[in-house]
Protein chains: 2
Amino acid sequence: MTQNQAKKISKSDRTRAHILEAARLLFAERGYDGASIRDVAAHASIDPAMVIRYFRSKDELFARAAIVDLHLPELRMIDRAAIGETLIRRFLEIWEGPASGPGMTILLRSAMSNDYAAEKLREVFASQVRPVVAAVGDPADAGRRAGLVSSQLLGLAMCRYLLRLPPVVALSHDEIIRNVGPALQRYVTEEDLS
Amino acid sequence: MTQNQAKKISKSDRTRAHILEAARLLFAERGYDGASIRDVAAHASIDPAMVIRYFRSKDELFARAAIVDLHLPELRMIDRAAIGETLIRRFLEIWEGPASGPGMTILLRSAMSNDYAAEKLREVFASQVRPVVAAVGDPADAGRRAGLVSSQLLGLAMCRYLLRLPPVVALSHDEIIRNVGPALQRYVTEEDLS
DNA sequence: GTCTATAATTCGATAGAC
DNA sequence: GTCTATCGAATTATAGAC
């Protein structure tokens, strides 16, 4: 490994980052099939051959664009009665907050018709969602509870951000918190539902 | 209109129905982009040109394949406290019952990356889901309540039938009814959530 | 009514000049 | 490092023989 590769931010790195940014935008807007390498190149103001040169294939480009870290909070540290509200507030930050990226949009839009995206989304569930829920209850129940939470939150994301169902788009943040928060609270903490 | 067209079930009609059945199966499994006219023709054991001859275009074929009637029950006729359970039971019939078709799978799988499918799904919501909810409460709230119900049910369908999230797939019908039913009940009948 | 042949695009990916 | 040119495959859709 040369000093250049280790220390400097080369023009290559900037070009690569530029391509990746364009890819994330287009994969989020149109999904895997709908976003062609030619489209990505045009958005990055570069030749299509360069996209392949930097990422080898469309599949590898998508894999790089579809990396997601939800940064879910440790639920053990908060009041047990506030878990539902905590989760739905974090949901709104992930999808609409100032630091929100297109990661989940990319995964969710493509997961319905692309096996790799579906597998990546299942991995996000298994490695990031389920453990957080498992930490605040019987681990034997964690999968079911985390699955129910995910069904509600992925459904809300789908209806509000992808399908754009008018009444769901119209919901204010406060309405979402007051309506969906208690449903999540119940899925995570209710005792007699197994 | 000749007598043939009006009365007889011609070979044309059977071929047409055969093509449509193959199309519904493949659109449900792979989505709009993933199911080619050639695939549909192969599944129907017929020439690709025949598919175009009978349906003019892939778009028209998809439009025919994506017709959905949920047959939702009249909620006014049942006990108000049983609305949530009634809805989730109907949900399971639509997706897994003996008379269930691939209609909703076709729409849901393609709606994330196909504008026509998304619009059709919004139409199903506006014409079939929202009116049913509006009949059992303040019509001014109907959109929001129906939207919340749809976010939960479409999310559950997505996780269980398309994404196949293992813990959600593993849920028994009874578990789904006991877990999700009350959440729907609350979305439809709770008073102070506007 | 069915099929062959093919037109017209679009796609991902490669080779090679500069 | 960047671009031109192009390959090979796949797609929707059409024209026309039989």
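Quick note on labels: first sequence line is chain A, next is B, and so on, each numbered from 1. Predicted, not measured: the structure shown is a model, and the values here were computed from it.
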Can you give one letter per nucleotide of nucleotides 5-10 of chain C, 5' to 3': B if a protein heavy atom sits under 4.0 Å from the base, S if only from the sugar-phosphate, - if neither? ------
In whole angstroms, how far is the [atom2] atom of [N] from the [atom1] atom of [X]?
X: A:Asp13; N: D:dG1; atom1: CG; atom2: C1'; result: 13 Å
X: A:Asn114; N: C:dG12; atom1: CG; atom2: P; result: 13 Å
X: A:Arg14; N: D:dT2; atom1: CZ; atom2: C1'; result: 15 Å
X: A:Tyr32; N: C:dC11; atom1: OH; atom2: P; result: 13 Å
X: B:His18; N: C:dG1; atom1: NE2; atom2: C1'; result: 16 Å
X: A:Lys58; N: C:dG12; atom1: NZ; atom2: P; result: 4 Å
X: B:Arg53; N: D:dT14; atom1: CZ; atom2: P; result: 13 Å
X: B:Ile52; N: D:dT14; atom1: CD1; atom2: P; result: 7 Å

Give a yes/no on whether any side-chain N or O of A:Ser12 is located under 4.0 angstrom from OP1 or OP2 of D:dG1. yes
Please tell me if A:Tyr54 has a side-chain N or O lying less than 4.0 Å from either OP1 or OP2 of D:dG1.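 Checking D:dG1 against A:Tyr54, no side-chain N or O comes under 4.0 Å of OP1 or OP2.
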What residues, two or more places apart in sequence or in another chain, satisfy ring-ring contact (aromatic ring centres under 6.0 Å, His included) together with B:Phe27?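 B:Phe27: ring-ring contact (aromatic ring centres under 6.0 Å, His included) contacts with B:Phe62.
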Check ring-ring contact (aromatic ring centres under 6.0 Å, His included) between A:Tyr54 and all other residues, then give those that pass, not counting sequence neighbours. none
Counting side-chain heavy atoms from CB outward, which of C:dG1, C:dA13, C:dC3 is closest to B:Ile46?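 Of C:dG1, C:dA13, C:dC3, C:dC3 is nearest to the side chain of B:Ile46.
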Counterpart residues, side-chain contact (heavy atoms from CB on, under 4.5 Å), relative to B:Val124 (two or more places apart): B:Val68, B:Leu70, B:Leu107, B:Gln128
Does B:Arg80 have any side-chain contact (heavy atoms from CB on, under 4.5 Å) partners at least two apart in sequence or in another chain, and if so, which?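 By the side-chain contact (heavy atoms from CB on, under 4.5 Å) rule, B:Arg80 matches B:Ile83, B:Val136, B:Thr189, B:Glu191.
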Is the positively charged end of B:Arg16 above the ring of B:Phe55, judged by distance under 6.0 angstrom from the centroid and angle within 45° of the axis? yes
Classify the nucleic acid contact of A:Phe55 as base, sugar-phosphate or nothing, counting any heavy atom under 4.0 Å across all strands shown. nothing
If each of A:Gly34 and A:Arg56 is mapped to the nucleotide of DNA chain C with the nearest heavy atom, which maps nearer the 5' terminus, i.e. the 5' end? A:Gly34
Is it true that A:Arg122 and A:Glu119 make a salt bridge, defined as a side-chain N closer than 4.0 Å to a carboxylate O? yes
Co-members of the apolar cluster containing A:Leu25 [side chain, <4.5 Å]: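 Cluster partners of A:Leu25: none, it stands alone.
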